Amino acid sequence: MANQKGGVGKTTTAVNLGACLADLGYRTLVVDLDPQGNASTGLGINIRGLQASMYDVILNDVPIEDCVEASSVRNLFVAPASLDLAGAEIELVPAFSRELRLKQALAEVRDDYDYVLIDCPPSLGLLTINGMAAATEVLVPIQCEYYALEGLGQLLRNVGLVQKNLNPALDVSTIVLVMYDARTKLADQVAQEVRNHFGEKVCRIMIPRTVRLSEAPSFGQPIIAFDPSSRGAIAYRELAKEVAGGPA
């Protein structure tokens, strides 16, 4: 999950898509690379009391299975962030093979999961590059608002650089329209513009802007646990089916 703009629904999508894939029966790991740790706390993990976190995995070569925590959702696991990750961008600068730390860590557990979702921070620094170097696909959440496509060119250029220099297999495979408000004409115009621009890569399901979706993280739950019949829960369930290529 990458988009260097903040507040565009990256973490919401990582948490809820992860929970819905797990609910479909897929073993899913959410890797939290954002120093704010919102994906971790949104899945009920207390990031202040961790024995090990993604900081230790990336900077101290701790095996990733030593930091993975089970969430309250069956089949859903979290490799949590900690506030220490904020310094990792700087600490990684002189590190050996600094862009490939996450790729090397995930190689150990890749076969244990059907899906690994990496929640990148809202920047294009070394943590996001680690995420892109480790991934095979990039999912970009785009909000249905006026500045939606701003900054996207830069993101695509960076994906291109990672493809060329670190990870030829990387592909921007999926665009998800989020924060869709059916009452506004602008949302429809933005959605149409994104579909014209990216064609088949844009998911059919759009995620609505709802209060319940924004409330769920403060209870440490994904939307399907917090309010299973809400519009947000239904939308993310449908998105998971679409991403997984039909029903499990």
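Keep in mind the model is a prediction, meaning the values are calculated, not measured.
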**Study point:** For V202 against V194, the heavy-atom pair lying closest together
**Key:** CG2-O, 3.8 Å
Check your understanding: Looking at side-chain heavy atoms only, is the closest gap between D84 and D56 below 4.5 Å?
Key -> no
Revision key, fill the gap. For T128, the side chain to side chain donor-acceptor pair (under 3.5 Å) test, sequence neighbours excluded, returns none
Study note, to complete from the structure: Minimal heavy-atom distance between L21 and A244, with the atoms involved, is CD2-CB, 4.0 Å
Practice item. Measure from the side-chain N and O atoms of T28 to the backbone N and O of Y115, and report whether any donor-acceptor pair falls under 3.5 Å. Key: no
Check your understanding: Got a second to check how far S230's OG is from I223's CD1, nearest 0.5 Å?
Key -> 3.5 Å
**Study point:** salt bridge (charged side-chain N to carboxylate O under 4.0 Å, His left out) involving D111 - partner list, sequence neighbours excluded
**Key:** none
Exercise for review: Look up atom SG in C144 and atom CG in L177, then write down how far apart they are to the nearest 0.5 Å.
Suggested key: 4.5 Å
Review point. With a 4.5 Å limit on heavy-atom distance, are the side chains of R237 and C20 in contact?
Key: yes
Review point. Could you give all pairs that pass the side chain to side chain donor-acceptor pair (under 3.5 Å) test and reach residues 175-187, with sequence neighbours left out?
Key: Y180-D188, D181-R183
Review point. Rounded to the nearest 0.5 Å, how far apart are OG of S123 and CG of N3?
Key: 11.0 Å
Practice item. Answer yes or no: is there a side-chain heavy-atom contact under 4.5 Å between D32 and L43? Key: no
**Study point:** Atom of C203, atom of V176 and distance for their closest heavy-atom approach
**Key:** SG-CG2, 4.1 Å
Check your understanding: Is any side-chain heavy atom of M1 less than 4.5 Å from a side-chain heavy atom of L117?
Key -> yes
Point to revise | ring pair (Phe, Tyr, Trp, His ring centres under 6.0 Å) contacts touching residues 200-237 (sequence neighbours left out) | key: F219-F226
Practice item. Please report the closest heavy-atom contact between N75 and A22, naming both atoms and the distance. Key: ND2-O, 3.2 Å
Exercise for review: Could you pull out all residues at least two apart from T11 that satisfy side chain to side chain donor-acceptor pair (under 3.5 Å)?
Suggested key: D119
Check your understanding: Mind checking what makes side chain to side chain donor-acceptor pair (under 3.5 Å) contact with R212, not counting sequence neighbours?
Key -> E215, D227
Exercise for review: Sequence neighbours left out, what passes side chain to side chain donor-acceptor pair (under 3.5 Å) with Q192? Give chain and number order.
Suggested key: N196
Practice item. Any side chain to side chain donor-acceptor pair (under 3.5 Å) involving residues 130-141? Give me the pairs, sequence neighbours left out, ordered by first then second residue. Key: E137-S173
Exercise for review: Any chance you could measure E69, atom CD, to I45, atom CD1, to the nearest 0.5 Å?
Suggested key: 5.0 Å
Review point. Considering residues at least two apart in sequence or located in another chain, which fulfil the side-chain contact (heavy atoms from CB on, under 4.5 Å) criterion with A2?
Key: M132, V138, L155
Point to revise | Non-hydrogen atoms of S229 and I234 that approach each other most closely | key: O-CD1, 3.6 Å
Study note, to complete from the structure: Note: A134 and R110 closest approach over all heavy atoms is O-NH2, 3.2 Å
Check your understanding: Would you say the side chain of I129 lies within less than 4.5 Å of the side chain of L166, judging by non-hydrogen atoms?
Key -> yes
Review point. Tracing side-chain links under 4.5 Å among I, L, V, M, F, W and Y, which residues wind up in one group with V116?
Key: L29, V31, L33, M54, Y55, V57, I58, L59, I64, V68, F77, L85, L92, V93, L102, L106, V109, Y113, I118, L126, L127
Check your understanding: side chain to side chain donor-acceptor pair (under 3.5 Å): which pairs involve residues 142-167, sequence neighbours left out?
Key -> E145-R209, Q154-R157, Q154-N158
Revision key, fill the gap. Separation between CZ (R204) and CD (E242), nearest 0.5 Å, reads 5.0 Å
**Study point:** Pairs meeting criterion ring pair (Phe, Tyr, Trp, His ring centres under 6.0 Å) with involvement of residues 85-104, two or more places apart
**Key:** none
